[in-house]
2 protein chains.
Amino acid sequence: MAAQRPRRQPTLDEVAERAGVSRSAASRVINKAPHVSRATRDAVERAIKEMGYLPNRTARALATQQTGIVALAVSHDDPELFADPFFAQVIVGVSAALEETDLHLLLCLASSGRGRSRLTNLLHTRGVDGIMLMALHGDDPLTHIVRRAGLPAVYGGRPLNFEPQWYVDSDNLGGARLATEYLIGLGRTRIVTITGPMSSDVGRARHRGYREAMIMAGLIPYATAEGDFTEAGGAAAMKSLLDSHPDLDAVFAASDNTAAGALRVLIDAGRSVPANVAVVGFDDLGTAERTDPPLTTVHQSVQALGREMTRMLVELIAGHEPSSVILPTKLVLRDSA
Amino acid sequence: MAAQRPRRQPTLDEVAERAGVSRSAASRVINKAPHVSRATRDAVERAIKEMGYLPNRTARALATQQTGIVALAVSHDDPELFADPFFAQVIVGVSAALEETDLHLLLCLASSGRGRSRLTNLLHTRGVDGIMLMALHGDDPLTHIVRRAGLPAVYGGRPLNFEPQWYVDSDNLGGARLATEYLIGLGRTRIVTITGPMSSDVGRARHRGYREAMIMAGLIPYATAEGDFTEAGGAAAMKSLLDSHPDLDAVFAASDNTAAGALRVLIDAGRSVPANVAVVGFDDLGTAERTDPPLTTVHQSVQALGREMTRMLVELIAGHEPSSVILPTKLVLRDSA
DNA sequence: AACATCGCTGGAAGCGCTTCCAGTTTACCT
DNA sequence: AGGTAAACTGGAAGCGCTTCCAGCGATGTT
């Protein structure tokens with residue numbers, strides 16, 4: 001089956017010959033360049049149609065020094081982490097935005113050392129026109145690699161130790177503040193928080209939002225435990241908080257997974273949610289609807305993140321100077337608070 | 001910041017010159033081709049090191065007619081569907097396998113007509129060396145597009161109306177049989193099934209497995225309702241089954257999401273699971289552990305699927321003739337049955 | 001009628017690499 | 001020492017496209 005037509009794709013030379021013009025003329029009509037007469041254009045266009053011509057990507061790339069490909073690099077130690085729906089949503093956003101262009105998406109899971117060196121190589125061999133980076137921890141070597149390659153680069157979320165020139169991030173600070181203020185508005189005062197890893201900017205920003213809201217309201221930040229954005233981490237943190245501050249009446253969890261873990265522990269401990277203790281999460285990527293009770297949470301639009309990153313990268317590649325953006329977050333009310 | 005070093009990457013010519021040899025000689029050492037003296041190799045290698053030379057991907061691609069890129073195309077009407085953890089797992093598998101090669105991964109969400117035509121174009125312009133296809137429904141236009149392009153192609157899961165020459169699939173039939181047999185072994189006899197869409201091969205295969213197991217055991221397939229692999233679909237199907245066959249004592253759901261929907265309806269209807277009615281799902285991609293009670297389900301290794309597809313494609317590109325594979329599935333016991 | 005101006009054209013020189021081929025050197029046999 | 005085969009070498013021709021440039025005839029200006 002699948003008779004592999006060995007028939008070669010026609011080349012520009014062949015098209016030009018058939019149209020009775022020079023190769024440069026043919027190239028001009030294909031690229032919609034000026035200086036081509038009506039007659040020439042028509043002839044070339046007919047030849048193209050008749051021969052089913054399509055310009056060879058590689059050849060064009062070599063001549064223009066543009067591959068028409070952008071990379072999305074996801075850096076993390078654990079490949080499993082990629083299974084987080086977060087990334088799928090980013091990809092959906094990126095893809096949607098790319099569809100408006102004629103760029104294609106190269107996906108790099110740069111976890112292992114091998115993956116990282118493959119990426120480095122890709123950048124230095126000019127395999128892509130630009131790159132989007134996600135999930136960088138601390139001082140990820142990727143940042144240096146990318147900087148050294150001198151390629152247009154945009155960051156999704158900010159790395160911890162430096163502020164990239166071009167990035168798009170969710171308003172983590174504002175979202176966390178929103179969540180905390182809501183709990184305060186509910187009349188809760190002994191509000192604790194389970195943070196994300198404090199070695200990440202997200203983790204820190206969301207924690208800061210909590211603190212700021214508390215202090216602004218004249219409350220003292222009641223207690224903090226560090227989580228790691230996972231359900232297990234959330235459960236562990238909740239246990240220790242319940243131990244140290246048994247009279248807590250609300251918890252702001254830095255992610256929905258964290259909140260899910262906390263929820264489980266609370267219920268097991270006989271607390272009723274939200275009556276006894278109110279819980280608010282962060283992310284709203286599906287988990288929030290599936291917990292029991294469903295989570296009140298801070299929604300961030302991850303698809304928008306992907307879309308904005310892409311738009312920004314496209315601008316950059318075109319030689320413009322976009323400015324970084326912070327995407328708004330909003331509170332979504334469900335049953336846990 | 002990020003001082004974009006405008007310094008051009010050195011070219012092979014420059015390396016050759018510095019090493020005092022011809023460009024062809026230099027090329028030979030880079031490609032580890034035979035017929036190069038020790039002296040030449042050393043000289044070239046030193047030059048490479050000193051200049052930090054890396055061969056330009058595009059130029060090489062043009063000369064060799066190989067891009068070093070393979071595509072993974074996901075076809076579906078709804079972009080949101082990509083958020084299903086299934087795809088993330090495939091990608092993890094694919095990436096892991098690619099890491100052993102020097103191929104890179106191009107991801108195509110070919111949902112819209114625009115996405116599809118972009119993909120067509122990519123294939124015809126020789127933008128990739130091969131392609132992996134997933135989530136094809138019925139007679140997806142993609143199959144024709146791909147066949148016409150005459151590129152190495154492997155399928156993940158079988159499309160409905162034709163058997164591709166190269167594919168890898170999970171043993172859906174066997175898995176469904178396993179699940180049903182287990183329910184039978186439990187002493188249940190009024191076992192119903194909620195299928196996937198019967199317009200897909202997966203849906204059909206899993207349904208067939210159920211029927212076969214029932215008949216082999218001398219039971220009559222008690223009742224069937226068509227679902228669509230979603231939780232909502234599962235819930236709807238469960239409701240109608242409960243109406244028409246209120247005495248059912250077990251259900252085999254063709255996916256975990258389906259099972260989750262069914263579970264909810266059963267509990268709401270006052271049935272206790274598994275005491276009153278036993279439930280088995282299919283997939284085991286996370287949801288199964290998060291339902292209440294946790295689902296007994298048929299596990300398929302989606303990462304392995306990705307890995308095998310990749311291996312197969314790599315073989316194909318190398319000019320070999322791999323043979324298709326069916327990956328085993330296994331029953332995972334939890335609390336719902 | 002003479003001149004500058006403009007749009008259009010094809011030739012040619014790349015882009016950076018691989019690979020064929022003929023020529024040269026070296027090594028090996030007898 | 002002479003002859004042959006093998007190992008090595010660099011020149012040159014691609015891969016398929018873009019783009020600069022000089023040349024061309026057809027307009028527009030005084």
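Note on naming: letters A, B, ... go to the chains in the order of the sequence lines (proteins, then strands), and numbering restarts at 1 for each one.
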For residues 96-106 of chain A, which side-chain donor-acceptor pairs fall under 3.5 Å, sequence neighbours excluded?
{"from": "A/Glu99", "atom 1": "OE2", "to": "B/Ser112", "atom 2": "OG", "distance (Å)": "2.6"}
{"from": "A/Thr101", "atom 1": "OG1", "to": "A/Leu98", "atom 2": "O", "distance (Å)": "2.7"}
{"from": "A/Thr101", "atom 1": "OG1", "to": "A/Leu103", "atom 2": "N", "distance (Å)": "3.0"}

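- With a 6.0 Å radius and a threshold of 12 heavy atoms from other residues, nucleotides or ligands, A/Glu45 has its CD atom above the threshold.
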| request: Take B/Val74 and B/Phe87, measure what side-chain contact (heavy atoms from CB on, under 4.5 Å) needs, and give me the verdict at the end. | output: CA-CA 8 Å; B/Val74 179; B/Phe87 296 108; 3.5 Å; yes
| field | Heavy-atom protein contacts under 4.0 Å, nucleotides 15-20 of chain D, coded B base, S sugar-phosphate only, - none | value | BBBBBB
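- The separation between A/His35 atom NE2 and D/dA22 atom P is 15 Å, rounded to whole Å.
- Spacing between atom CZ of B/Arg38 and atom P of D/dT9 amounts to 13 Å, rounded to whole angstrom units.
- Under 4.0 Å is where a charged nitrogen must lie from a carboxylate oxygen, and between A/Asp42 and A/Arg46 no such pair does.
- In this entry the distance linking CD of B/Glu17 with P of D/dG10 reads 13 Å, nearest Å.
- The backbone N or O of A/Ser27 sits less than 3.5 Å from a side-chain atom of A/Asn31, completing a donor-acceptor pair.
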